[in-house]
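See structure below.
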2 protein chains.
Amino acid sequence: MSETAGGVRDAEAVSRFVESFAAQLVEAGVPRMPARVFAALLASDAGALTSAELGEQLQISPAAVSGAVRYLAQVHLVSREREPGSRRERYRVHSDQWYEALTNREALIKRWEGALREGVASLGATTPAGRRMAETLAFFEFIEGEVAAMMERWRAHREQVFRE
Amino acid sequence: MSETAGGVRDAEAVSRFVESFAAQLVEAGVPRMPARVFAALLASDAGALTSAELGEQLQISPAAVSGAVRYLAQVHLVSREREPGSRRERYRVHSDQWYEALTNREALIKRWEGALREGVASLGATTPAGRRMAETLAFFEFIEGEVAAMMERWRAHREQVFRE
DNA sequence: TCCTAACTTCACAAATTTCTGAAAGAAGCG
DNA sequence: CGCTTCTTTCAGAAATTTGTGAAGTTAGGA
């Protein structure tokens with residue numbers, strides 16, 4: 001009955017992984033549909049699926065696929081490619097997009113920093129609250145620099161382990 | 001009219017900061033009330049407020065304060081202390097709780113890793129999808145170690161800058 | 001140029017989440 | 001030991017979010 005060996009993908013095993021990984025992402029704050037779509041792409045052999053394939057596998061409408069993909073593209077977790085000679089589109093995960101996405105959280109942090117800077121300015125850098133905000137700001141600034149360096153180290157580490 | 005100097009806190013300036021910082025947190029996925037409560041604590045001189053103070057400043061019910069604080073305590077962004085000789089509770093931000101909170105995301109990542117490991121096992125480590133998941137897993141394992149080291153460096157850096 | 005396949009947008013129904021008032025539950029203090 | 005003050009829990013109203021079907025848009029192929 002089970003058919004995991006021999007190159008035949010076990011659809012049920014795939015689905016189990018997709019739903020369980022998606023559930024974890026949901027718990028981390030990712031909306032349900034984007035999470036499921038992302039997990040499905042991650043578990044696909046080609047690392048890419050068409051809209052129709054996603055709709056069928058996840059039992060969701062084309063509209064839902066569209067919305068999910070828009071979300072994922074915005075946070076840089078998938079890219080879209082046009083299949084040449086067809087108006088079919090395929091959505092792809094690059095294995096290096098995870099870290100790009102992480103890095104892209106920088107934009108968010110930058111806005112936090114902006115709000116904190118204004119707070120420090122308007123409450124006064126010498127007040128207790130101002131000092132607390134200044135320290136928080138310093139923390140984010142520090143993190144920002146460290147993350148870039150960390151990604152550099154990851155690339156090196158990966159090179160070594162995966163020999164790509 | 002404006003009274004920012006001279007030690008008198010400008011309630012309006014505080015409120016402006018609180019709402020604008022909270023808005024950024026909301027955009028990052030934090031529920032509204034926890035975001036506002038956290039921002040209010042951050043902007044308070046003592047770094048701590050009672051339930052009543054929070055309710056008044058933010059114009060929300062005791063129930064809302066309670067819910068928000070439960071959320072924040074769960075993700076380790078605030079701690080609660082009993083005011084001795086009173087049944088009043090105070091909620092506090094430690095400036096070092098930010099990074100503790102960040103570090104606590106590890107628990108989340110651990111669960112991601114679990115799901116990925118199962119995925120690799122059930123799809124087979126030699127399939128293309130399995131290999132992609134294995135690499136993703138490796139990335140998270142790498143990050144996990146790095147973050148710990150990064151926090152160590154932050155503590156050192158902070159020591160140097162803030163001389164505490 | 002028109003037809004058609006594919007994706008996107010839109011309006012709405014359904015489900016979920018959020019916040020409130022009210023009641024219940026702790027815990028100091030007399 | 002009961003009163004009083006503060007916090008939490010609960011049920012429900014209101015608002016928001018989510019996903020769908022259907023119409024609209026775009027672009028390849030004849």
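A, B, ... follow the sequence lines: proteins, then strands. Residue 1 opens every chain.
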Exercise for the section: For Arg80(A), answer base if it contacts any base atom (sugar-phosphate contacts may also be present), sugar-phosphate if it contacts only those atoms, and nothing otherwise; contact means non-hydrogen atoms under 4.0 Å. Expected result: sugar-phosphate
Completion exercise
To the nearest angstrom, the CD-C1' distance between Glu89(B) and dT7(D) comes to 8 Å
Practice task
Could you tell me the separation between the CZ atom of Arg88(A) and the C1' atom of dG28(D), rounded to a whole number of Å?
Solution key: 13 Å
Practice task
Round to a whole Å and report the spacing from CD of Glu53(B) to P of dT5(D).
Solution key: 18 Å
Exercise for the section: Take atom CD of Glu81(B) as the centre, draw a 6.0 Å sphere, and report whether it contains more than 12 heavy atoms from other residues, nucleotides or ligands. Expected result: yes
Handout entry: Rounded distance in Å - CZ (Arg82(A)) to P (dA27(D))
Key = 7 Å
Exercise for the section: Could you state the atom-to-atom distance from CD1 of Ile60(A) to P of dC7(C) in whole Å? Expected result: 13 Å
Exercise for the section: Check every strand shown and say whether Ser51(B) touches a base, only sugar-phosphate, or nothing at a heavy-atom separation below 4.0 Å. Expected result: sugar-phosphate
Exercise for the section: Grab the CE-P distance between Met33(B) and dT20(C) for me, whole Å please. Expected result: 5 Å
Practice task
Output the single nucleotide from dC19(C), dT20(D), dG19(D) whose closest atom is nearest the side chain of Arg32(B).
Solution key: dC19(C)
Fill in the blank from the handout: Which of dT18(D), dG21(D), dT20(C) is nearest the side chain of Pro31(A)? It is dT18(D)
Handout entry: Comparing Gln59(A) and Ser86(A) on DNA chain D - which has the more 5′ nearest nucleotide
Key = Gln59(A)
Practice task
Specify the separation, in whole Å, of atom CG of Leu58(B) and atom C1' of dC19(C).
Solution key: 13 Å
Exercise for the section: Name the orientation class of the two ring planes belonging to Phe21(B) and Phe17(B) (parallel below 30°, tilted from 30 to 60°, perpendicular beyond 60°). Expected result: parallel
Practice task
Compare the minimum distances between each of dT20(C), dG21(D), dG19(D) and the side chain of Ala64(A), then state the nucleotide with the smallest one.
Solution key: dG19(D)
Exercise for the section: State whether the number of non-hydrogen atoms from other residues, nucleotides or ligands found under 6.0 Å of Glu12(A) atom CD is greater than 12. Expected result: no
Handout entry: Rounded distance (Å) that lies between atom C1' of dC7(C) and atom CD of Glu81(A)
Key = 16 Å
Exercise for the section: Just call it for Arg87(A): base, sugar-phosphate, or nothing, with non-hydrogen atoms closer than 4.0 Å on any strand. Expected result: base
Practice task
For Arg32(B), look at atom CZ and say whether over 12 heavy atoms of other residues, nucleotides or ligands are found less than 6.0 Å away.
Solution key: no
Practice task
Flag yes if more than 12 heavy atoms outside Glu141(A) fall under 6.0 Å of its CD atom; otherwise flag no.
Solution key: yes
Exercise for the section: Give one of base, sugar-phosphate or nothing for Tyr91(B), where a contact means two heavy atoms less than 4.0 Å apart. Expected result: sugar-phosphate
